[in-house]
Each structure stands twice: as structure tokens, then as C-alpha cells.
Amino acid sequence: MAARSERITMATAYDATFARMLEAGGCDVLLVGDSLGMVVQGLDTTLPVTMDEMLYHCRAVARGARHAHLVGDMPFMSYQVSPEAALANAGRFLAEGGMHAIKLEGGVAVADSIRRIVAAGIPVMGHVGLTPQSVHAMGGFKVQGKSRAQAAQVLADARAVADAGAYALVLEGLPRELAASITAQLQIPTIGIGAGPECDGQVLVCYDLLGLNDERVPRFVKQYESFFERGVAAVQRYREEVRAGSFPAAAHCFGSGRDGDADTAAASGQDAAQTFGKGEPVRG
Ligand code: KIV
């Protein structure tokens with residue numbers, strides 16, 4: 001796509017339903033990001049997220065997606081210890097998680113691990129600039145590369161990732177000019193988040209882009225919907241109807257006849273084979 005000057009649309013996904021929705025909306029790439037620690041698990045950082053948790057969400061996304069390119073995010077300490085450990089964990093994303101590629105954070109320091117993983121036939125997406133797994137070393141979630149020295153370091157990191165064989169690179173939390181300059185200097189596509197429009201693609205956390213976040217919205221985020229507010233309003237209507245006794249209405253009730261039960265079970269999305277007894281749908 002980058003070669004054809006088509007911008008790449010990437011979003012995070014954490015489950016099958018969101019994967020289907022994001023794909024139906026035309027996302028080219030779905031990233032099962034370790035940001036799930038913050039938006040799904042309610043953590044303050046991504047650091048406690050484990051390999052097993054990542055693989056659980058990867059499998060869910062892989063079941064929902066049909067066409068998108070799927071990238072699994074390697075969690076903290078799954079690749080920093082040694083290139084061998086990095087390769088073993090990267091392999092699990094493809095073998096057990098159903099992913100097509102992995103992403104990991106860092107530049108010069110992780111170049112050997114990227115080389116090792118790529119040599120085993122696993123595509124690697126890099127991630128430099130604001131790298132959330134280094135939140136404590138950065139002193140918070142802060143824009144990187146603002147000073148000349150910092151900018152030179154970010155560029156060196158980007159080059160190291162590309163030279164090690166990564167096929168794409170996330171640029172996060174960088175001044176627009178620096179991200180544009182890195183994009184112009186690298187052969188591989190860059191995907192920006194808080195890095196300006198000159199990148200070859202953009203990525204957003206799906207909860208941010210859909211407005212599922214009721215807390216402070218970072219400046220780089222554009223909310224294309226307000227699902228949180230709309231969800232609250234929907235739940236309020238549901239509660240009112242439950243309290244008033246107007247839900248369930250006749251249309252949501254099972255009849256006592258056999259045919260009626262089969263129809264109703266099918267209409268509520270239950271497979272007829274999943275019913276037993278008098279046609280009650282199996283839930284669990
Ligand atoms: O974990 C994540 O969601 C990410 C993206 C923000 C790039 O790394």
C-alpha cells in the first residue's frame with residue numbers, strides 16, 4: 001500500500017466482535033495491542049499484561065477477522081530478556097494466537113531480537129518514540145524527540161529497526177516534523193499515532209476512536225463516535241423499561257407451541273441445534 005501511496009488504516013482490536021466491526025469499516029490492519037491492559041483491564045500502564053492474556057485476546061480477534069492483516073503486540077518482558085526468548089514468544093503469537101505478525105517496542109536495544117525473529121520467518125513491526133512499556137524510564141507518557149539529541153536517538157532507533165528487517169514501524173508521540181523526516185528516510189512504511197499526517201498510515205486505539213473512553217482524551221486522538229455516552233443512554237432506557245415492566249414485550253417472549261419456540265430461538269440468534277427441552281435457548 002505504501003508503495004502505491006495508499007495510506008494504511010490500522011486500529012487496535014481486542015475481541016471478535018470489535019474485529020468484525022473494524023474490518024467491516026475497512027481497517028487494513030488490526031493490532032491486538034497491549035493497550036488492552038489499560039482500556040480492557042483498567043490498569044494504569046501496560047506493564048502487567050502477560051503473554052497468556054495477549055494470546056487469549058489474539059485468538060478472539062483472529063476468530064472475528066476474515067481479511068485484515070493481524071498483528072500481535074509482544075508484552076513487557078516477553079522479548080527484552082534475550083533474542084531466544086523473544087523468538088520463542090513471537091512464535092506463540094502466530095502458532096497459538098492466529099496472528100500474521102508481531103510488534104515490539106524499542107530501537108537499537110532490540111535490533112538483535114528483531115533480526116532473530118525475522119530470520120525465523122516471522123514478520124516484525126517495530127515501535128519507536130513514545131514506547132509505553134518504558135513509561136517509567138521516560139518519566140510518564142510524554143512526547144519524545146523534542147530536543148535535537150532526543151530526535152537523533154529516535155532516528156537512530158528507527159534506522160536500527162528497519163535495518164534489522166522490520167517490515168513496518170509505528171511512530172508514537174513524536175513532533176510531526178521528526179515523524180515526517182523518519183518516514184522520508186525509511187524504505188519501510190511508518191504508522192503514526194500522535195506523530196502527524198506525513199506517516200504512511202495511522203493507528204488509533206479502538207476505544208479512543210469510537211469514544212468508549214469517558215476520561216480525558218489525549219490531544220492526538222480524534223473520537224469518531226461517542227459510544228460511551230450513547231451506551232449510557234441505551235442502558236438508562238433499558239433500566240427504565242425493566243422498572244416499568246415494558247421490557248420484555250410480547251415480541252421478546254417465547255410461546256408454548258413447538259414451532260413458535262423454534263422460530264423465537266432462531267430469531268434471537270440461537271442455533272436450533274443449541275436448544276433442548278421445550279426449545280429454551282442454551283446460554284452459558
Ligand atoms: O498497544 C497499543 O495499542 C499500541 C498502539 C497504540 C500502537 O501499541
Side-chain angles (χ1 to χ4, degrees), residues 7-15 18-19 22 27-51 53-58 60-61 65 68-80 89-90 93 97 99 101-107 110 114 123-135 138 140-145 154 157-158 161 166-174 179 182-183 188-196 199-210 212-213 215 217-223:
R7 288 210 163 82
I8 299 160
T9 308
M10 172 161 132
T12 65
Y14 312 112
D15 67 34
F18 270 67
L22 293 160
C27 280
D28 306 301
V29 187
L30 299 182
L31 168 69
V32 185
D34 64 352
S35 51
L36 66 86
M38 297 172 79
V39 295
V40 177
Q41 299 179 337
L43 298 165
D44 289 334
T45 72
T46 58
L47 302 182
V49 177
T50 66
M51 273 297 296
E53 288 166 349
M54 288 305 303
L55 293 174
Y56 169 85
H57 288 279
C58 285
V61 168
H69 176 60
L70 304 180
V71 183
D73 208 6
M74 297 194 70
F76 184 56
M77 281 300 128
S78 67
Y79 58 94
Q80 289 92 340
N89 283 320
F93 276 90
M99 298 289 102
I102 62 95
K103 176 173 86 59
L104 51 76
E105 297 179 10
V110 294
I114 294 177
V124 175
M125 180 179 284
H127 182 161
V128 301
L130 195 172
T131 45
Q133 291 176 16
S134 306
V135 57
M138 294 182 304
F141 297 104
K142 293 179 180 164
V143 174
Q144 301 295 298
V154 178
D157 282 334
V161 169
Y167 72 99
L169 177 63
V170 170
L171 300 178
E172 178 166 358
L174 294 178
I182 293 172
T183 300
I188 59 172
T190 60
I191 317 271
I193 175 164
C199 298
D200 297 302
Q202 297 291 326
V203 56
L204 279 177
V205 167
C206 61
Y207 281 43
D208 286 341
L209 90 88
L210 295 171
L212 265 165
N213 189 351
E215 288 161 0
V217 180
R219 173 173 167 169
F220 64 83
V221 166
K222 178 166 178 185
Q223 291 184 320

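Indexing begins at 1, ligand by ligand and atom by atom, following the structure's order. These numbers come from the heavy atoms of this one structure, side chains and all, not from hydrogens, waters or symmetry mates.
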Kindly compute the distance separating OG1 (T131) from CE (M138), expressed to the nearest 0.5 Å.
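One gets 4.5 Å once the value is rounded to the nearest 0.5 Å.
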Which pair of non-hydrogen atoms, one from K103 and one from V170, has the smallest distance, and what is that distance?
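The answer is CD-CG2, 3.8 Å.
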Where is the tightest heavy-atom contact between A11 and L22, given as atom of each residue plus distance?
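Taking A11 first and L22 second, the nearest heavy atoms are CB-CD2, 4.0 Å.
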Can I get a per-line list of side-chain donor-acceptor pairs under 3.5 Å for residues 32-41, giving both atom names and the distance, sequence neighbours left out?
{"from": "D34", "atom 1": "OD2", "to": "Q133", "atom 2": "NE2", "distance (Å)": "2.7"}
{"from": "S35", "atom 1": "OG", "to": "Y14", "atom 2": "OH", "distance (Å)": "2.7"}
{"from": "Q41", "atom 1": "NE2", "to": "E53", "atom 2": "OE1", "distance (Å)": "3.2"}

Please enumerate all residues that pass ring pair (Phe, Tyr, Trp, His ring centres under 6.0 Å) together with Y56, with sequence neighbours excluded.
none
F93: partners by ring pair (Phe, Tyr, Trp, His ring centres under 6.0 Å), with sequence neighbours left out:
none
Show me a pair-per-line table, with atom names and distances to 0.1 Å, of protein N or O atoms that are under 3.5 Å from an N or O of ligand 1.
{"from": "ligand 1", "atom 1": "1 (O)", "to": "D34", "atom 2": "N", "distance (Å)": "3.2"}
{"from": "ligand 1", "atom 1": "1 (O)", "to": "D34", "atom 2": "OD1", "distance (Å)": "3.0"}
{"from": "ligand 1", "atom 1": "1 (O)", "to": "S35", "atom 2": "N", "distance (Å)": "3.1"}
{"from": "ligand 1", "atom 1": "1 (O)", "to": "S35", "atom 2": "OG", "distance (Å)": "3.3"}
{"from": "ligand 1", "atom 1": "1 (O)", "to": "D73", "atom 2": "OD2", "distance (Å)": "3.1"}
{"from": "ligand 1", "atom 1": "3 (O)", "to": "S35", "atom 2": "OG", "distance (Å)": "2.5"}
{"from": "ligand 1", "atom 1": "8 (O)", "to": "K103", "atom 2": "NZ", "distance (Å)": "3.0"}

